[in-house]
2 protein chains.
Amino acid sequence: MKYVTIKDIANALGISKSTVSRALSSDTRNVSERTIRRVVEMAQKMRYKKNEMAVNLRSRRAKTIGIVVPEAVTTFYLQFTTAVQRILQPQGYRIILAISDEDFLTERLNFESFDNYRVDGILISSCHHRANLEFYKEYVRRCTPMVFFDRTVADLECSSVRSDDYHSAFFLVEHLIYQGYRRILHLAGPDYIRNTSERLRAYRDVLKKHGIDYCPELVVSAGIDEVDGAEAMNRVLDAGIRCDAVFCFTELQALGAKKVLQERAIHIPSEMAIACMSGTKLATLVHPAITAVEQPVEQMAKEAVRLLLSKIENPTAPSETVVLPANMVIRSSTEK
Amino acid sequence: MKYVTIKDIANALGISKSTVSRALSSDTRNVSERTIRRVVEMAQKMRYKKNEMAVNLRSRRAKTIGIVVPEAVTTFYLQFTTAVQRILQPQGYRIILAISDEDFLTERLNFESFDNYRVDGILISSCHHRANLEFYKEYVRRCTPMVFFDRTVADLECSSVRSDDYHSAFFLVEHLIYQGYRRILHLAGPDYIRNTSERLRAYRDVLKKHGIDYCPELVVSAGIDEVDGAEAMNRVLDAGIRCDAVFCFTELQALGAKKVLQERAIHIPSEMAIACMSGTKLATLVHPAITAVEQPVEQMAKEAVRLLLSKIENPTAPSETVVLPANMVIRSSTEK
DNA sequence: ACAATTCCCGCAACCGTTCCCGGGATCCGC
DNA sequence: GCGGATCCCGGGAACGGTTGCGGGAATTGT
């Protein structure tokens, strides 16, 4: 458990620790080949491991990126994290992941912890787009390198990456209409997520475009997970509200709703279509597979990393907002 | 971007940095109440944030736990991580997560990186139970506090936590038999995962117990994910191999197999039952819901943390192997 | 009034590494 | 043989905290 230090190596070889340090970073013009060989061999023999903490303190760079995600139930954030890791690991960065568990106080704690730890930069998907606004602003003011992704925040002078929610929602709903569905139920998201209003706006705009009246009873607020989706679906059916398609805010909602439909022996898609935003592999795994809008995870990770690295290099660089197109994948749940 | 240090506070107040340090840790018997108040106020005003790296270096403790997981596709490891975080965060620990992506070289890199970083302890689920054996042994020999969980490793003098694979697999297969299924297909796991042989052994033992002949063609190796499961299922059906139930190594395999069955209009569970190990919420979300063995995640996290903390306190403490019972949840996919 | 104790605070070393600076040795050219 | 460049190496100050030790001032006891 006692770790060997460069001082130990220096003593063993009877040279100074500065030389050892230089030898280990193979600074060829300041230390002879022979010495390098001797040091490297001794380091190997003594099983020396560089203490990263000391390096970080000295260099004032942690070589670490923090990622704050709202939850770890959906695989989306993990795919994102994995993608970021694949890009940044070869560049010598460590990735720290913190899960806010949909609680904005935990999120704040996680964020502060990263900052105390002097990470080089932070990627964050906010779990509440208003509650922590002032908190974020403070960090933005202090030029902490940070980039929002997926669940971004309005009114903030900060780089962000998200997919084009409005248009993809628009196309998705319009697809339902083209398939002949008319009374489209919308399981909306909670109001603390910014995307909720975007998707609702798209929904209304599509109806207007196609001359369909907007019925308030066809829009129900339904949380984000499968329990929320199932409950909402049951409420609607029990209330006798007539509809022939469901447009869900999340994939989990859709799975919950789908299960309710199947248990009630309502056939998908002939009696009721189902489609959702935020689709992942899950939507393809079930039967029937669900038509969904999928976020371009890899692409988002790539852009987020690019923006973050640019902020790290120059904290006062102008912010950038990247909006990526999302893919709509049509599957059997909406093919009449 | 320039962070305030205790030295800055000391200068601003015209006192020494030792006093500031003591005041900030509210060392009441070595610094006066008045000074503490002045320091705390000034710290607040100057937006001082303690540099954790410096503290760690000095105290020689990173107050950090590293978790190495094989993949982040299944939610199991994230639930585990979330659970660990919930236990350890209140105790002032940070959690670092590294994803090996089922690659043992990446795993090695991740592990070494944690060690270089002098984390207090490491929780690891191995992605290959043989490839890195010598590597692990070296760390065990050096008394690095580490605990294996879920995918554990044999022949290693190290604490570990896993669920009782053999018995739960046994019960699961036996359940199929009690339901009247006789020709049970086993989609086995890859041989680099230790559990593969355990589950296969259980499968054979159940058959023997019930006097059913073991047919080699009913055991096919099938990777771990849904693509593997679907391919294997297709191969078996195309080869005309007769069976009336499928016992899957993983949940994803089961979902892949289930999809193939449904696409071929083979009814579940009347024509073919399906059951799997490593079940999560996913198994409940699909229709019909899949009978599965679920690992006691929270319990595993609790035990893993307990074992790890004990190793951290006393690195030479004797190792312990904890085997927890897993739950079998019977669902409609196996009810004839 | 004086010794003993208590109370605060500053000095300086330390954690393990990097890196600037300076100095001795060797080499080259003239 | 001498000035200057080049090559290696050691000393020591950082990075930002914590902590043992010691000392001066204030308080207490007799």
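Everything numeric here is computed off the predicted structure, so don't read it as measured data. The sequence lines fix the lettering, A, B, ..., with proteins before strands; numbering per chain opens at 1.
Between the CD1 atom of I6(A) and the C1' atom of dC19(C) there is a distance of 11 Å, given to the nearest Å. Distance I9(A) CD1 to dT17(C) C1': 12 Å, rounded to the nearest Å. Rounded to whole Å, the distance from CZ on R58(A) to P on dC14(C) is 19 Å. Between N56(B) atom CG and dT17(C) atom C1' there is a gap of 15 Å when expressed in whole angstrom units. In this structure, CZ of R60(A) is placed 17 Å from C1' of dG16(C), rounded to the nearest angstrom. At whole-Å resolution of the value, CG in D27(A) and P in dC19(C) are 9 Å apart. Summarising the geometry, the separation between NZ on K49(A) and C1' on dC15(C) is reported as 20 Å, rounded to the nearest angstrom. For the pair K7(B) NZ and dA12(C) C1', the interatomic distance rounds to 14 Å; values are reported in whole Å.
Comparing G14(B) and L57(A) against DNA chain C, the residue whose closest nucleotide sits nearer the 5' end is G14(B). Toward the 5' end of DNA chain C, the nearer of the two residues E33(B) and K50(A), judged by each one's closest nucleotide, is E33(B).
Using a 4.0 Å cut-off between charged nitrogen and carboxylate oxygen, R47(B) and E138(A) count as a salt-bridge pair. The residues K49(A) and D115(B) are annotated as salt-bridged, a charged nitrogen and a carboxylate oxygen being separated by less than 4.0 angstrom. Comment: E320(B) engages R306(B) in a salt bridge, judged by a side-chain N to carboxylate O separation of less than 4.0 angstrom. D120(B) and R61(B) are joined by a salt bridge, as a carboxylate oxygen and a charged side-chain nitrogen come within less than 4.0 angstrom of each other.
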Stepwise salt bridge (charged side-chain N to carboxylate O under 4.0 Å, His left out) test for D155(A) and K137(A)
CA-CA 9 Å; D155(A) 303 323; K137(A) 275 190 179 163; over 6 Å; no
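Evaluation of atom-type donor-acceptor distances gives a pair under 3.5 Å for the side chain of R22(B) against the base of dG10(C).
Extent of DNA chain D lying under 4.0 Å from chain B heavy atoms, first and last nucleotide in 5' to 3' order, is dG16(D) to dG20(D).
Looking at T152(A), its side chain never comes within 3.5 Å of a backbone N or O of F148(A) through a donor-acceptor pair.
Applying the 4.0 Å criterion to OP1 and OP2 of dG10(C), one finds that S18(B) has every side-chain N and O outside that range. Within the 4.0 Å cut-off from OP1 or OP2 of dT17(C), not a single side-chain nitrogen or oxygen of Y3(A) is found.
The residue S32(A) sits close only to the backbone: its heavy atoms come under 4.0 Å of sugar-phosphate atoms, none of a base. At a threshold of 4.0 angstrom between heavy atoms, the contacts of T5(A) are confined to the sugar-phosphate backbone, with no base atom among them. Looking at heavy-atom distances under 4.0 Å, N30(B) makes contact with a base. Residue-level contact check: T35(B) touches the backbone only, with heavy atoms under 4.0 Å from sugar-phosphate atoms and none from bases.
Distances were taken from every side-chain heavy atom of S21(A) (C-beta onward) to each of dA12(C), dC9(C), dT18(C); the shortest belongs to dT18(C).
Using modelled atom types and a 3.5 Å distance limit, the side chains of T144(A) and K311(A) yield no donor-acceptor pair.
Contact of the R141(A) side chain with the Y136(A) side chain is not registered, since no non-hydrogen atoms from C-beta on lie closer than 4.5 Å.
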